[in-house]
Undergrad: 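Let me give you the structure first, and then I'll get to my questions.
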Number of protein chains: 2
Amino acid sequence: MPQAPVAQASRKPSRIQLRNRKRILDAALEVFSAHGYRGATLDQIAAEAGLSKPNILYYFEGKQEIHVTLLNQLMHAWLAPLRAVDPDGNPLEELMTYVQRKLDMSRDLPRESRLFANEILQGAPRMAPHLESVLKPLVDETAAVIDGWIEAGRLAPVDPRHLLFSIWATTQHYADFEAQVRVLTSAQDVHDTAASHLDRMFRRLLTPDRDVI
Amino acid sequence: MPQAPVAQASRKPSRIQLRNRKRILDAALEVFSAHGYRGATLDQIAAEAGLSKPNILYYFEGKQEIHVTLLNQLMHAWLAPLRAVDPDGNPLEELMTYVQRKLDMSRDLPRESRLFANEILQGAPRMAPHLESVLKPLVDETAAVIDGWIEAGRLAPVDPRHLLFSIWATTQHYADFEAQVRVLTSAQDVHDTAASHLDRMFRRLLTPDRDVI
DNA sequence: TCGTAAGTTTACCAAATGGTAAAAAAGCGG
DNA sequence: CCGCTTTTTTACCATTTGGTAAACTTACGA
């Protein structure tokens, strides 16, 4: 009776197990981000991973488990720049650094960005719990920090949540809507021009007015 | 030999034809925007439209034709606010009006927004020609108008294309990422607070500095 | 009201797809 | 080198899905 490692999710995983699970998740990221959950097939993932379909199902219980594993795993990396915002730092520079980090992620991890975008677009059917339990508390916390900065007069008044939405939207746009951006921009330095545009935009938004009391 | 209306795409369409094609496109918008192209099935569309699947294929050649028809048809409505920008109007107010119209569309036509987002996310496989032939010229034109305004000193210097990206990203975010927005905002007046946030943000970005020469 | 064209339904089909059973092969500790 | 476990492959399967053929029904102009 061969024991599927999937059945006994405990015990130290073997080297082969570690390597193949990684291969599968890499392949799945590629395929899911390009075609969405339902547009992706196990055959595609298997081909991309260089494994057979049944072999993939030896490591994961099914398509859905691969997807959920990916999403949960990426959530951490995805939110790292937000966690890195330092409540004790310079408010304006902390937020501008956050903007740039998010923009860099759009360039360096476009597949991850599209994977999340796809999931949210469909109503976050497989990620709603995580949004509630992981993202929401972090956002609440950050919003409180920003509100504190504003009350201290170190930042122009702004709705913290809408500010975050605007940062996410504008930075992730370059990954999620890349097909459109590519059609509309001839220049090769899209990232750099975007960086200076966003820096200007958010700096203007957030810099407190000095002449007013 | 029954003539499929699909075969002879000419001649004046009957009332029934008009009504049913509309029903099908309405249903398809609902289903495609919720599940993406590959996630949507003809059976779902048929059920939503209150017609049988073969009946649907009597009016459209196939799933793809329904999708392409939808996209092309919506493109016009979608770009209307951009076309409405008046080169002879007040630059700042023209653009702020554009922002508000786009935000209103996110609230009033979220399905259309998600349909486009889905298509672009997957690399615009079925809409690339339209992006090139319809969107690009319009954007080039608008960019020229904005550049003119900037040169005339009536607008703060900004990259016109990145400005448009930022407007699209921030406004459509409320439709495309609604599932996330809903988790993170408790208030009922999301639209109104978003409106004032975006007004402030883009007004600050675009208002020319007066004290500099 | 009758005949023809338009519209609809029933009954299918082939391919794709997520998944399984079980045998075969490869690893590996002793 | 042996025996046992882990890993991989081969051969399937049931369901879903886009699509078709052809019979049947309805609309409508003469």
Side-chain angles (χ1 to χ4, degrees), chain A residues 1-25 27-28 30-32 34-70 122 125-126, chain B residues 1-25 27-28 30-32 34-70 122 125-126:
Chain A
M1 186 196 289
Q3 283 280 21
V6 93
Q8 45 152 58
S10 53
R11 290 296 159 74
K12 37 192 148 186
S14 73
R15 260 173 306 174
I16 294 179
Q17 222 167 117
L18 245 42
R19 169 174 54 86
N20 282 354
R21 282 184 71 98
K22 188 174 179 306
R23 277 188 192 173
I24 292 169
L25 290 175
E30 184 69 30
V31 177
F32 279 133
H35 305 288
Y37 179 74
R38 293 200 51 184
T41 71
L42 285 181
D43 286 307
Q44 283 177 289
I45 297 174
E48 182 81 25
L51 298 171
S52 69
K53 184 167 65 177
N55 201 7
I56 284 191
L57 292 167
Y58 172 73
Y59 290 101
F60 290 90
E61 293 219 0
K63 186 183 180 180
Q64 180 145 332
E65 202 212 321
I66 301 178
H67 194 239
V68 171
T69 302
L70 254 189
Q122 324 277 300
R126 281 166 286 275
Chain B
M1 186 197 289
Q3 283 280 23
V6 92
Q8 44 151 64
S10 53
R11 290 293 161 72
K12 37 193 148 185
S14 73
R15 260 174 306 173
I16 295 178
Q17 222 167 116
L18 244 41
R19 169 174 54 87
N20 282 356
R21 282 184 70 97
K22 187 174 180 307
R23 276 190 192 172
I24 292 170
L25 289 175
E30 184 70 30
V31 178
F32 279 133
H35 304 289
Y37 179 73
R38 292 201 50 186
T41 70
L42 286 180
D43 286 307
Q44 283 176 289
I45 297 174
E48 182 81 25
L51 298 171
S52 69
K53 183 166 64 175
N55 202 181
I56 284 190
L57 292 167
Y58 172 75
Y59 289 102
F60 289 90
E61 294 220 359
K63 186 182 180 182
Q64 179 145 334
E65 201 211 322
I66 301 178
H67 194 240
V68 171
T69 301
L70 254 190
Q122 324 278 298
R126 282 165 287 274

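We use all heavy atoms of the structure for the numbers below, so side chains are in, but hydrogens, waters and symmetry mates are not. Below, chains carry the letters A, B, ... as their sequence lines are ordered, and counting in each starts from 1.
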Undergrad: According to a strict under-4.0 Å criterion, is A:Tyr59 in side-chain N/O contact with OP1 or OP2 of D:dT8?
TA: yes
Undergrad: Nearest-Å distance, CD (B:Gln17) to C1' (D:dT26)?
TA: 15 Å
Undergrad: Find the distance A:Asn55:CG to D:dT10:C1' and express it as a whole number of Å.
TA: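 After rounding, the gap between these two atoms is 13 Å.
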Undergrad: Without decimals, in angstroms, what is the distance between B:Leu57 CG and C:dT8 P?
TA: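 Answer to the nearest Å: 13 Å.
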Undergrad: Looking at DNA chain C, which of residues 34-50 of chain A put a heavy atom within less than 4.0 Å of it?
TA: A:Ala40, A:Thr41, A:Leu42
Undergrad: D:dT7 P sits how many Å from A:Arg23 CZ, rounded?
TA: 13 Å
Undergrad: Which nucleotide in the list D:dG18, C:dG7, D:dT8 gets nearest to the side chain of B:Asn20?
TA: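 So the nucleotide nearest the side chain must be C:dG7.
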Undergrad: Applying side-chain hydrogen bond (donor to acceptor under 3.5 Å, both in side chains), can you list everything that pairs with A:Arg126, at least two apart in sequence or on another chain?
TA: A:His67
Undergrad: Report the distance from atom OH of A:Tyr58 to atom P of C:dA24, rounded to the nearest whole Å.
TA: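 In whole Å, C:dA24 P and A:Tyr58 OH are 18 Å from each other.
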Undergrad: Any base atoms under 4.0 Å from A:Arg19, or only sugar-phosphate, or nothing? Heavy atoms, all strands.
TA: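 No contact at all - A:Arg19 keeps every heavy atom at 4.0 Å or more from the nucleic acid.
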Undergrad: How many angstroms lie between atom CZ of A:Arg38 and atom OG1 of B:Thr41, to the nearest 0.5 angstrom?
TA: 6.5 Å
Undergrad: Measure CD/A:Glu65 against P/C:dG19 and give the value in whole Å, please.
TA: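 That distance rounds to 11 Å.
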Undergrad: Please name the pair of heavy atoms, one in A:Ile56 and one in A:Ala46, separated by the smallest distance, quoted to 0.1 Å.
TA: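 Closest approach of A:Ile56 to A:Ala46: CD1-CA, 3.3 Å.
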Undergrad: Give, for atom CG of A:Leu70 and atom CZ of A:Phe60, the distance between the pair rounded to the nearest 0.5 Å.
TA: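 Reported value, rounded in 0.5 Å steps: 7.5 Å.
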Undergrad: With a 4.0 Å limit, can you tell me whether B:Ser52 has a side-chain N or O closer than that to the phosphate oxygens OP1/OP2 of C:dT9?
TA: yes
Undergrad: Just how far, in rounded Å, is C1' of D:dT26 from CD1 of B:Ile16?
TA: 8 Å
Undergrad: For the residue pair A:Lys63 and A:Phe32, would you count it as a cation-pi contact if the rule is NZ or CZ under 6.0 angstrom from the ring centre and within 45 degrees of the ring axis?
TA: no
Undergrad: Rounded to the nearest 0.5 Å, what separation is found between the CG atom of A:Leu51 and the CG atom of A:Leu42?
TA: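 Here the rounded value is 12.0 Å.
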Undergrad: With nearest nucleotides of DNA chain D determined for B:Pro54 and A:Pro54 from heavy-atom distances, which residue corresponds to the more 5′ nucleotide?
TA: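 Its nearest nucleotide lies further toward 5', so the answer is A:Pro54.
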Undergrad: Nearest to the B:Lys63 side chain among D:dA11, C:dA6, D:dG19, which nucleotide is it?
TA: D:dG19
Undergrad: Rounded to the nearest Å, what distance is computed from the CD1 atom of residue A:Ile56 to the C1' atom of nucleotide D:dT10?
TA: 16 Å
Undergrad: When rounded to the nearest 0.5 angstrom, what is the spacing between CZ in A:Arg23 and CD1 in A:Ile45?
TA: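 Reported value, rounded in 0.5 Å steps: 15.5 Å.
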